[in-house]
Amino acid sequence: MTDDLDRAEEADPVTDGGSTVTETERTSAGGSGLAGLRERDDFVVIATAAALVVFPFLLVDVLGVVGDLIGMSIGGYAGLPSLVLIYGIIVIGFNLLLGYTGLLSFGHAAFFGSAAYSAALFSQIVPSPILMVIVGSLVATLLAWPIGFVSIRRSGVYFAVLTLTFGQALYFYALGPGAWLTNGDNGFSDVAAHGLFLGALPLDAPLLPVFDSYTVMYAFTAVMMLIAVWVGNRIINSPYGLIFEALGENEQRVEFVGLNVFRYKLMAFVISAVFAGVGGAMFLIHEQYIHPTTGLYWIQSGDFVIMTVLGGTGSLIGPVFGAFVFEYVANVISGVNPPVIGPIGSLWRFVLGAVFVFIVWVFPRGIYGALSDLGAWLLGRSGGGDDGSDPAATDGGESE
């Protein structure tokens, strides 16, 4: 990783200027042709767009037909694809902090919830979905600076506890002293959000009359997801991303080469908070409600960790797989009533825990890592892994 860092600095003397590592550099770093293709912006955007087009059809319609055949309701509902993408946006940013920089935060619900509350309050003035997302993201960003400035000064469990403390402080403030602003235990419900483009496109309007799951809200969420993937890919494949990886592997080496470790860790923290803020505002628009327990409680932060580790840390799109599995179990499997076992209902977290243990035990690099290994095996490659270019945290944070 130090060699990669040095190469990036040689190519661009202004190493923190945000410029992108060229394809030639990435190839010389040992990446295979397939790995280089995955790093290209156009390939990433086109592949993501194609997946977003078919995702509701597979989740709602195809699984719905399969469920009818087997006599078990395993198909998703119309709003589930949008909900999965919203959490996918959040964990893409969260993975920049956990999977690349190696910082485990248990306080990201603070940014998720504060953005949702800000969007709800702003909707009482201007119920524009786009402006609500912008306002929510700005509030999350401004909140991340002081929290990150204090928390980044510690590492490991101390960093995790500090972020948890800040998140819980906001939770109790929203329930008690801040009830005049947050509506306390009642939260906000039936939050109005007009359609896109001055109300011209209502969010619940169908895009395709045949398929109920293709709505304006889904298209809006898919565009935000596409932007999140593009931004995430640009960061990962820039000198900034290389430094994030280096921090996750060996902080002392990064400091030794003269880089300001504190500043880069703070930037990783703030960037991940921006993603959480976008997701929080999108969640408010999608669900039209927010409550302290839903938006600010520490379990929400824990859910982000589970999604990221389940999908695979240290990969751009891996955590999105985790978000999908999490929401599928929470919203679909919870309603399944299998014979002998009976209704799953509130036991869905037990099912999710079993899935989590299985994935982490059998596939320590998460779902994306397992799929990546399977793809490599099908292509006749051996040894597992992509090409040796995965960051150190791809095993979910385990050190070897």
- Task: Please determine which of Val229, Thr221, Val223, Leu85 meets the side-chain contact (heavy atoms from CB on, under 4.5 Å) test together with Leu52.
- Result: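 Testing Leu52 for a side-chain contact (heavy atoms from CB on, under 4.5 Å) against Val229, Thr221, Val223, Leu85 leaves exactly one candidate, Leu85.
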Taking [X] for the side chain and [Y] for the main chain, is one N or O donor matched with an acceptor at less than 3.5 Å?
| X | Y | result |
| --- | --- | --- |
| Ser301 | Phe106 | yes |
| Thr101 | Leu96 | yes |
| Thr308 | Asn95 | no |
| Gln168 | Trp298 | yes |
| His286 | Met217 | no |
| Ser238 | Ile235 | yes |

Within the 6.0 Å centroid threshold, strictly below: [X] and [Y]:
| X | Y | answer |
| --- | --- | --- |
| Phe149 | Phe262 | yes |
| Phe94 | Phe111 | no |
| Tyr87 | Phe326 | no |
| His108 | Phe269 | yes |

Determine whether [X] and [Y] make a side-chain contact, defined as any pair of heavy atoms from C-beta on separated by less than 4.5 Å.
| X | Y | value |
| --- | --- | --- |
| Tyr117 | Leu296 | yes |
| Val254 | Tyr264 | no |
| Val191 | Ile290 | no |
| Pro129 | Phe220 | yes |
| Ile92 | Met225 | yes |
| Leu247 | Tyr100 | no |
| Leu80 | Val60 | no |
| Tyr173 | Thr182 | no |

Atom [atom1] of [X] and atom [atom2] of [Y]: how far apart are they, to the nearest 0.5 Å?
| X | Y | atom1 | atom2 | value |
| --- | --- | --- | --- | --- |
| Trp230 | Asn233 | CH2 | CG | 9.5 Å |
| Thr163 | Leu104 | OG1 | CG | 7.0 Å |
| Arg349 | Ile344 | CZ | CD1 | 15.0 Å |
| Ile74 | Leu59 | CD1 | CG | 10.5 Å |
| Trp348 | Ile333 | CH2 | CD1 | 12.0 Å |
| Leu103 | Ile152 | CG | CD1 | 5.0 Å |

Identify the heavy atoms of [X] and [Y] that sit nearest to each other, and give their distance.
| X | Y | result |
| --- | --- | --- |
| Gly232 | Phe275 | N-CZ, 4.4 Å |
| Ser105 | Gly107 | OG-N, 3.2 Å |
| Pro319 | Gly312 | CD-O, 3.5 Å |
| Asp61 | Ser213 | OD2-OG, 4.0 Å |
| Ser82 | Tyr218 | OG-CA, 3.4 Å |
| Ser137 | Gly277 | OG-C, 4.1 Å |

- Query: Parallel under 30°, tilted from 30 to 60°, perpendicular over 60°: which one fits the rings of Phe321 and Tyr368?
  - Reply: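 Phe321 and Tyr368: tilted rings.
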- Message: Please determine whether side-chain hydrogen bond (donor to acceptor under 3.5 Å, both in side chains) holds for the pair Asn183 and His291, giving the CA-CA distance in whole Å, both sets of side-chain angles, and the decisive distance to 0.1 Å.
- Response: CA-CA 9 Å; Asn183 218 16; His291 185 273; over 6 Å; no
- Task: Test side chain to side chain contact (heavy atoms under 4.5 Å, CB included) on Thr293 and Tyr171 and set out the steps.
- Result: CA-CA 8 Å; Thr293 303; Tyr171 167 73; 3.8 Å; yes
- Query: Run the side chain to side chain contact (heavy atoms under 4.5 Å, CB included) check on Thr294 and Phe283 step by step: do they pass?
  - Reply: CA-CA 10 Å; Thr294 304; Phe283 177 85; 3.7 Å; yes
Shared hydrophobic cluster, [X] / [Y] (ILVMFWY, side-chain heavy atoms < 4.5 Å):
| X | Y | value |
| --- | --- | --- |
| Ile86 | Ile130 | yes |
| Tyr158 | Leu164 | no |
| Val62 | Val84 | yes |
| Met307 | Ile299 | yes |
| Leu63 | Ile367 | yes |

- Query: Taking it one step at a time, do Glu287 and Leu83 satisfy side chain to side chain contact (heavy atoms under 4.5 Å, CB included)?
  - Reply: CA-CA 9 Å; Glu287 298 293 325; Leu83 192 61; 3.5 Å; yes
- Message: For Leu198, I'd like to know if atom CG has over 12 heavy atoms of other residues, nucleotides or ligands within 6.0 Å.
- Response: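 For Leu198, atom CG is not crowded (no more than 12 foreign heavy atoms under 6.0 Å).
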- Apply side chain to side chain contact (heavy atoms under 4.5 Å, CB included) to Thr215 and Leu203, showing your working. CA-CA 7 Å; Thr215 61; Leu203 294 176; over 6 Å; no
